[in-house]
There are 2 protein chains.
Amino acid sequence: MFQTSPLSPMIAKLARRHPLGSTEVDALLALPHRVARLERGSFLVREGDRATHCRVLLSGFVYRHKCTGEGARQIVSIHLKGDLVDLPNVMLDVADDSIQALTEVSVAIVPAEEILALALASPNIAKAMWADTMVDASILREWLINVARHDARQRIAHLICELALRQEAAGVCERLEYYWPLTQEQLGETTGLTSVHVNRTLQKLRAEGLLRTSARQLIVSDWEGLKVAGDFTAGYLHLTPATPSLARAFESA
Amino acid sequence: MFQTSPLSPMIAKLARRHPLGSTEVDALLALPHRVARLERGSFLVREGDRATHCRVLLSGFVYRHKCTGEGARQIVSIHLKGDLVDLPNVMLDVADDSIQALTEVSVAIVPAEEILALALASPNIAKAMWADTMVDASILREWLINVARHDARQRIAHLICELALRQEAAGVCERLEYYWPLTQEQLGETTGLTSVHVNRTLQKLRAEGLLRTSARQLIVSDWEGLKVAGDFTAGYLHLTPATPSLARAFESA
DNA sequence: CGCCCATTTGACAGCTTTCAAATCGCGTGG
DNA sequence: CCACGCGATTTGAAAGCTGTCAAATGGGCG
């Protein structure tokens, strides 16, 4: 039953942040929601929208972005399976930035009041969700450093390492061979570079034998080398082994 | 009584995020804490520390920072009066980055369990604190854009506008003339620039008549001009008029 | 087969960094 | 009251990474 709800990826993710009891898992499973499918490029949220709903990402990728006054676009986060995409908006009532589908996605849409009431009523759920938003903040700080202090090669290698581990943790794929959701243009919008420069830098990384790309698939040929190239250390992701706490969730369920 | 506790700045700040009732204000006032004074440069937290305490900033400035593998330092946030400086660390058990005093500061030190228990037990306090951490995340996203998409002049002007409004909101000073806590070196570490380039850029801003500096004091000569120069829009700060919700807090107290 | 979007390439300009070295400001001690 | 010392600010010249602007090439889908 836990396995079959569309919300299970979210519950699994939360349980990894803080152990949840059976009543809490049941309460999460009981959240009213409807599932929707959106095609690549669709807006889930536009900057300034009031947060009336919270979307749980069930499959695919979405990204948050914001534009400067001159129209330059910056991607500020990438979300994958299980993420409570607009929880931050719910906490602030309005959206600071737009959220758009990077690939075809399916989402569960939950009314904001429902998720907010549940989050505030149960200390364990609050802790799990809150911690989850704090991990997102930690990732954001790392992105800031990446953009501010790394050169193009480091920035790109760093992001590739991060997405490898996050996709692995979300149970979407293997670490060394995974679906790469970004065009080179979008990779530039994420790392603060031009698509032209992204292209040249990717060529270098390929020439160095660190990775290969085919279609939207990315293959890491040399994980250790890529980590070094990206000055990457995984601590900021606060990854927790999937099994133990999940087991706990099942135990108590 | 509300006014006289060292924790009042924090309570005022939280009440601006979400209305608090008298029992909640009392619970916050009852938090066990001791006040400490730290001199400029002291470490409040070091990367990797376990979060056993949460510090409430009572006066002065602190900043979070992290270093790359090559030793380049990046400041990822600046905190001022009333901020629950290491709430994010408490939520994740360990600190991702170091926190250091930018000026002489005084802080109230609260045991982590105490503040966590209170935050999770009271829905209104949870909402207020959670929203507050989400505003910090919003600021972080704006900093990312600032560093990734703005040139040196825009980055610096943007930060100056932000600190003006945040200090005004914290009730520390006037918007157009305020204490500037950063050296040019640190301003560079915040905006992803070299101190040399920061210096040259500040000279340009001064020559344009947008601002003046004397000692650690910053005077904005042309607020509108500075906003334009910094491509600055205040929305992301989620500032709320101080009076209404504070009044509410007093009413119910 | 053709269209459209994404990737690739080239040459050149420009913002920022680098590396010193000089100057300034200010608190301290004589 | 003035000299000293140290950190912060300022200045110069040269190198480098990244951006800009087109234009060509490639690949997938109808």
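Keep in mind that what you see is a predicted model, and the values were worked out from it rather than measured. Chain letters run A, B, ... following the sequence lines, proteins first and then strands; every chain starts at 1.
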Going by atom type alone, with no hydrogens or angles, which donor-acceptor pairs under 3.5 Å involve a side-chain atom of residues 190-198 of chain B and a protein atom two or more places apart or on another chain?
residue : atom : partner : partner atom : Å
T190(B) : OG1  : Q186(B) : O            : 2.8
T191(B) : OG1  : L187(B) : O            : 2.7

List the atom pairs, with distances to 0.1 Å, where a side-chain N or O of residues 35-42 of chain B and a protein N or O form a donor-acceptor pair under 3.5 Å, not counting sequence neighbours.
residue : atom : partner : partner atom : Å
R37(B)  : NH1  : E104(B) : OE2          : 3.3
S42(B)  : OG   : E39(B)  : N            : 3.2
S42(B)  : OG   : E39(B)  : O            : 2.3

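Of the possible donor and acceptor atoms, none in the side chain of E177(A) sits under 3.5 Å from a partner among the backbone N and O of I219(A). Panel note: side chain R55(B), backbone V85(B); no donor-acceptor pair is recorded below 3.5 Å. Under a 3.5 Å cut-off, the side chain of R149(A) and the backbone N or O of R73(B) do form a donor-acceptor pair. One N or O on the side chain of Q154(B) and one on the backbone of D151(B) form a donor-acceptor pair closer than 3.5 Å. A distance-only check finds no donor-acceptor pair linking the side chain of R46(A) to the backbone of S98(A) [under 3.5 Å]. For the pair R16(A) (side chain) and A169(A) (backbone), a donor-acceptor distance under 3.5 Å is present.
Note on the helix from dC1(C)-dG30(D) to dG30(C)-dC1(D): terminal axis deviation equals 40°, with five pairs used at each end and the result rounded to 10°.
Rounded to whole angstrom, the span from the CD atom of Q217(A) across to the C1' atom of dA6(C) amounts to 17 Å. Per the geometry, CG belonging to L102(A) stands 11 Å off P belonging to dA6(C), to the nearest Å. Between L202(A) atom CG and dT9(C) atom C1' there is a gap of 15 Å when expressed in whole angstrom units. Distance CG (L182(A)) to C1' (dC5(C)): 16 Å, rounded to an integer number of Å. One interatomic measurement links the two molecules: CG of N199(A) to P of dG10(C), which rounds to 11 Å at whole-angstrom precision.
Here CG of L57(A) is found 7.0 Å from OG of S106(A). Values are rounded to the nearest 0.5 Å. L163(A) contributes atom CG, which lies 11.0 Å from atom NE2 of H158(A) (distance to the nearest 0.5 angstrom).
Residue G192(A) is in sugar-phosphate contact alone, with no base atom involved, counting any heavy-atom pair closer than 4.0 Å across all strands shown. Within the nucleic acid shown, R216(A) comes within 4.0 Å of sugar-phosphate atoms alone, with no base atom in reach, counting heavy atoms only.
In terms of the side chain to side chain contact (heavy atoms under 4.5 Å, CB included) criterion, V228(A) has no residue partners (sequence neighbours excluded). Under the side chain to side chain contact (heavy atoms under 4.5 Å, CB included) criterion, N89(B) pairs with V45(B), A51(B), R64(B), D86(B), A95(B), I99(B), sequence neighbours left out. Contacts of K66(B) classified as salt bridge (charged side-chain N to carboxylate O under 4.0 Å, His left out), with partners at least two apart in sequence or in another chain: E142(A). Every residue two or more places apart in sequence or in another chain that forms a side chain to side chain contact (heavy atoms under 4.5 Å, CB included) with C173(A) is listed here: Q167(A), Y178(A). Considering only residues two or more places apart in sequence or on other chains, E47(B) meets the salt bridge (charged side-chain N to carboxylate O under 4.0 Å, His left out) condition with none of them.
Along DNA chain D, the stretch of nucleotides lying under 4.0 Å from any heavy atom of chain A spans, 5' to 3', dT18(D) to dC21(D).
A salt bridge links R166(A) with E162(A): at least one charged nitrogen is closer than 4.0 Å to a carboxylate oxygen.
Between Q203(B) and R40(B), the residue anchored nearer the 5' end of DNA chain D, judged by the nucleotide with its closest heavy atom, is R40(B).
Contacts between residues 70-80 of chain B and DNA chain C, defined by a heavy-atom separation below 4.0 Å, involve no residue at all.
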Find every protein N or O atom lying less than 3.5 Å from an N or O atom of nucleotides 22-27 of chain C, and list the pairs.
none

Give me the distances for all protein-to-nucleotides 11-15 of chain C N/O pairs that come in under 3.5 Å?
residue : atom : partner : partner atom : Å
dA11(C) : N6   : R200(A) : NH2          : 3.1

